[in-house]
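The structure appears right after this line, and notes come after that.
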Amino acid sequence: MYKFKLTFLLLATLIFAACNQNKKPATDEEAKSIIAAQPDSTSSKTVLFFGDSLTAGYGLDDPSEAFPGVIKDKIDSLKLPYKVINAGLSGETTAGGNARLDWLLKQKVDVFILELGANDGLRGIPVNETNKNLQSIIDKVKAKYPEVKIVLLGMQVPPNMGADYVNKFKAIFPDLAAKNHTQLVPFLLQGVGGIPALNQADGIHPTAQGAKIVANNVWGVLKGVL
Amino acid sequence: METILNISDLGKTYQSAGRTLTVLQHINFSISAGSTNAIVGPSGSGKTTLLGLCAGLDRSSAGAVELNGINLGNLTEDQRAQVRNQYVGFIFQNFQLLPTLTALENVMVPLELRNEKNIRARALDLLEKVGLADRGHHYPSQLSGGEQQRVSLARAFSNSPKILFADEPTGNLDAETSEKVVKLLFDLNKEAGTTLILVTHDLELAAKTQRIIRIKGGQLIADEKTIKG
Amino acid sequence: METNPVNYQRKMNIPWLFNMAWRDSRKNRSRLFLFISAIVFGIAALVAIYAFKYNVQNDINGQAATLIGADLAVSGNKPADVHLKNLLDSLGDDRSQERSFASMAYFPKSQGTRLVQVRALQGNFPYYGAIETTPEQAGTSFRKGQMAVVDKTLMLQFNAHVGDSIKIGNSQFLITGILNRAPGQAGAVAGIAPVVYIPMQYLEQTGLVKIGSRVNYSFYYKFTKPINLDKLTKKLDPMLDKAGMRYETIESRKENTGRNFGDLSRFLSLVGFVALLLGCVGVASAVHIYVREKIASIAIMRCLGVKASEAFLIYLIQIVGIGLIGSVVGAALGTAIQHLLPVIFKDFIPFTISVQISWMAIGQGILLGVIISLLFALLPLISVRNVSPLNTLRLSFDDAVLSRDPLRWLVYLLIILFIITFTYLQLDSWLGSLFFTLGILAAFMILSAVAWLLMRLTKLLINGSWSYLWRQGFANLYRPNNQTLILMVSIGLSTMFICILFLIQNLLIGQVNLSSSGNQSNMILFDIQNSQKDSVARLTRQQGLPVLQQVPIVTLRIEQINGKTAADLQKDSTIKIPHGVFAYEYRVTFRDSLSGSEKLTDGTWIGKATPGKDIPVSVEENLAHRANLKIGDKIVFNVQGVEMPAYVASVRKVNWGKVQTNFQVVFPAGVLEDAPQFQVLLTHVPSDKVSATFQRAIVHSFPNISIIDLGLVLSVLDELLSKISYVIRFMSAFSIITGVVVLVASVRISKYQRIQESVLLRTLGASRKQIFAITALEYWFLGSLSALTGIVIAFGGSWLLAKYSFEIPYTVNYLPALILFFIISILTVIIGLLNSRGVLNKPPLEILRNNA
């Protein structure tokens, strides 16, 4: 049994950070809409949030409390003609994202919000590997939908990883943004990261309150794109 | 003469396999203190049962046994044990010595039960009388039948009983030994002035007593005095 | 002649009763010795087993303590505030602190960088076990300077040596030792990132602990004075919980480490119970026969005027005396065995069993010996009250004398209460004790019933056409003064215990999976992309490593169950589905067959999806239970935007006891092949060297792949598990042997039962052969029938134990049972023959005189 627990621990929290069984479910229609595209909304444009647990809303009572959900509310309240798709997957790395992209690009995407890299950073994956995968993702999106607008969400790793790695990692995002002429949110977790009150007990994932600030960080850039 | 044992309308039945088996019925007699008596009868006539009832070893189904003025029927088993210990001596066909006790200790038991004094000396004295003073430390299994019965005699007299019951005392002994034991029994009895009740089918032995009570089929068929009586 | 009044109130002369008890015991010392020896063996078995049990329990607890390294560990991912700090500083008699975090370490010599887990340590931790290093002293000496101890696989990976340096943050540390093994910290973190220990006083200057750093704060405590940790942690829990901190004690770690500790303690309880019963069988059978032989003497005493209560007391005193002597000698013998055995077998036992005199075991042994003697003596003795002195006039004192007495039930009740109480001392659970006792009662009744049937049947079956020897042998089974019941029960129960222990031991050993033994996975590769899966597998095989498992993993959520969504759940409280079922991100796989660790409990397995139809999925038992799913229920899965209608085709039971991937939901082949997925690969690396080389190769070719090396973690557990499995084997082997000895002793007691008959036959001119044949037949029938009954009961008993106590799947191996059957049967016959040998070698009369 211990081995199971061990594996379970590894597979469930470290790698995927996905399980939170006692939390409340998504409410009403939102739950559906953030996970899946509404089949009837063909007329509007699509914003696709492509990311990891931060996008998926890991550990939140309701996945729609994650920042893409907050942004969706904003878009809806402003009556903007955009439909929001949350394609967040807890534990996702840039390599994984790169591999599953095709599945998501089957539907038309107008705004592509790329939020990946955090898991690479926490696992100490070489920076150029992360860089390469993100570049590949951007290339694929552009190749399929040349009109797409890409917003790159910048990530940082905590200082304990070592100044050298921290700095190189931080540099990935502005470099990529400049190189690909994409929009950039310099640091997604600005004002949230490292503040215990805005993060869940694990110290990584924002609370619902934290997610609102995160959403604001993103909205600051995104509103200009829409 | 004073009556030591009074039997009135005594009966005994056993329940066996749903049937009632009558072993004794309507037995009446009384025994005078200091007399010698024999209960005789063929095997299965009920004489051993009668002895058991007289000695308070068993409960009667009907009638009363009065031993030294005490109605045994009114007593509990433990009280009867006290009566036995204080007034009654026993001699059995198969000796019934305690196998794990020495000859001397076997003789001592009744005395010890009564918390008497000088027990050892008195027991040795008794063993002396039965001619076994030197065998006091032997276990019953190391003694011959005759010797065992002599120990048994010593034990029977050890508590100076008022009445002595002997169940076929020579039944397991050869003729010569029997003779010695019987002689010893009667000598000791005489010396102590004890009442003797002897159960036997040996008429020759019975003839040595003063009175013969005949039992057959559970009933008293004759009660006669012998020449001695 | 005057009439003396009868003194009914004669006082009981207590010294005389003791005197009589003593006198009565002298006559046949060899016989008494035989009885006492049965008690001695019973109690010696009990004391030795208990003593081993307590010692082994201590050893294993000590070993378990090294898993955590302290009596209490508190940890959290935030620094403690002032209030909490005061609290934390007030705990324990010795304290240590640790800060641990992930960081990229740099090896200047090889210029390699790798994620490591830095553990900055202050204090004397670990208090149990050691930070095992090469050289040995490095585990403690690194704390004195700017030095580090580095995981051995990591050292190999970067070709580093002691004396090289490692850069952690801004500081360089001298590598003073190679870390082989360390207590504390669950394996997960250590597995993904190899550990580097540094002294805490140099943590500050690394510059790694700043605002935003993710650091784990651990506090380790040792309590030198005994303390109720349970109570303490209960008190601490709310405060720690508020501060977002967790605590761990040795006990809680044991619980979390899995079923093996539980199995061991349950097994030791079982062994304790068996020892208790073995003690009972040894003592009870001896006392029972002994007292029965005394009935005649009691009748004579009654004749002489001994009161029933006095006769009762004389033998009670004697039995208690015998019980006490037997128990004390038994306890001494048991303790001696406990001390000698490990010395004698030290070459065969691959670990040290600590040898401490267990006063607890000795105390229980003596108490048990005396009480059991008393209780089992009471059974025949209470009937003594009814022994009519008239029996002196009759010749036989058969069982009829010992017939129905209402007080008997009181004694039975006392015996049952006693067994429950002593079982409780072993099991620590009243319910368990009750069930165990009921089980024994059932076994006892079955054996008695079989004995009764045997007597009935032989009586019916025997007829004149049989040869004399057969008739005589069989008739011995039902004749007056037969030993059928007592031997059936004692042989049957002993056989049952032996067989149960053996079967359960086999089952438990089967449960202990050592990662080092055979092909158990100890390394996990994950985040393998589909495009990489073949080349990773190839690379693994090239390195000479097995691909134990390679499975695709797809992440999805549940959208609807039987048409109900999460939203419906909130509106309708009657829906019996917990919220979490919808919020959860499920990792599922797809394949066309069940894996070896899975077993269907319901429905049918469908390995291939039919295009255009609902997908038949298989759901794990617990999930089915939690989500209230039944066969045929409709589920709509959301595979990252694509809705897939499915239904529950089967429910699976999954054995989680191995390092392997297991899934709550398994899809059939043909649906998810194109869905976003990654692969997990499990392999077994035989050594650190291989592990290092392999990791280097993987990181070089596939930098995105993460590796979890469980070797270090598993080796700590392996050691513990192999110890546990040896303990289980040792205890069962020892108990089985003891069981046989007790069985032999209790059969041996029957020596005098047949002496009269044998001598009589001998006197009548029976030859040695004939007497042997008669005895052998009697004992063979008793032995084989009771062994058979015992074994059959053992099958039932072990099944119940496996199912309800150990909760492990039941399988049975018939061969050992068959062997056991013959061993017990033949053993019984041999003892029977040995018993009658004495009769044959001496003149009949001598025997009769000595044993009258």
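Computed from heavy atoms alone, side chains included, the values below leave out hydrogens, waters and symmetry copies. Treat the numbers as computed from the prediction; the structure is a model and nothing was measured. Chain naming here is simple, since letters A, B, ... match the order of the sequence lines and numbering starts at 1 in each.
A 6.0 Å sphere centred on NZ of Lys106(A) holds more than 12 heavy atoms belonging to other residues, nucleotides or ligands. Environment of NZ in Lys168(A): sparse, with no more than 12 heavy atoms of neighbouring residues, nucleotides or ligands closer than 6.0 Å. Within 6.0 Å of NZ in Lys108(A) there are more than 12 heavy atoms belonging to other residues, nucleotides or ligands. Open room surrounds CD on Glu204(C); 12 or fewer heavy atoms of other groups in view lie less than 6.0 Å from it. Atom NZ of Lys167(C) has 12 or fewer heavy atoms from other residues, nucleotides or ligands within 6.0 Å. More than 12 heavy atoms of other residues, nucleotides or ligands sit less than 6.0 Å from atom NZ of Lys78(C).
Arg100(A) places none of its side-chain heavy atoms less than 4.5 Å from the side chain of Gln677(C). The shortest distance between side-chain heavy atoms of Trp103(A) and Asp674(C) falls below 4.5 Å. In this structure, the side chains of Asp527(C) and Arg123(A) come closer than 4.5 Å at one or more pairs of heavy atoms. Considering only heavy atoms from C-beta on, Ser706(C) comes within 4.5 Å of Ile125(A) through its side chain. Proximity of Phe678(C) to Thr93(A): side-chain heavy atoms (C-beta onward) are nowhere separated by under 4.5 Å. Contact check for Leu89(A) versus Gln640(C): side-chain heavy atoms found under the 4.5 Å cut-off.
Looking at Asn77(C), only its side chain comes within 4.5 Å of chain A, counting heavy atoms on both sides. Interface remark: Ile195(A) contributes no atoms to any contact with chain C (heavy atom separation under 4.5 Å). Using a 4.5 Å cut-off between heavy atoms, Ala675(C) touches chain A through backbone and side chain atoms alike. Of the atoms belonging to Val699(C), not a single heavy atom falls under 4.5 Å from chain A. Only the side chain of Leu115(C) has a heavy atom closer than 4.5 Å to any heavy atom of chain A.
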Check step by step if side chain to side chain contact (heavy atoms under 4.5 Å, CB included) holds for Ile204(A) and Arg214(C).
CA-CA 8 Å; Ile204(A) 319 178; Arg214(C) 301 198 53 233; 3.3 Å; yes
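Between Ala99(A) and Gln529(C), the shortest heavy-atom contact is CB-OE1, 3.0 Å.
In terms of heavy-atom pairs under 4.5 Å with chain C, the best-connected choice from Gln156(A), Lys132(A), Glu129(A) is Glu129(A). Taking chain C as the reference chain and counting heavy-atom pairs below 4.5 Å, the highest number among Gly124(A), Pro158(A), Gly57(A), Pro159(A) is found for Pro159(A).
To the nearest 0.5 Å, atom CG of residue Asn119(A) and atom CG of residue Asn704(C) are 12.5 Å apart.
Using a distance-only test at 3.5 Å, with no hydrogens or angles considered, a donor-acceptor pair links the side chain of Asn160(A) to the main chain of Ala102(C). Formation of a donor-acceptor pair under 3.5 Å by the Glu585(C) side chain with backbone atoms of Ser90(A) is found in this model.
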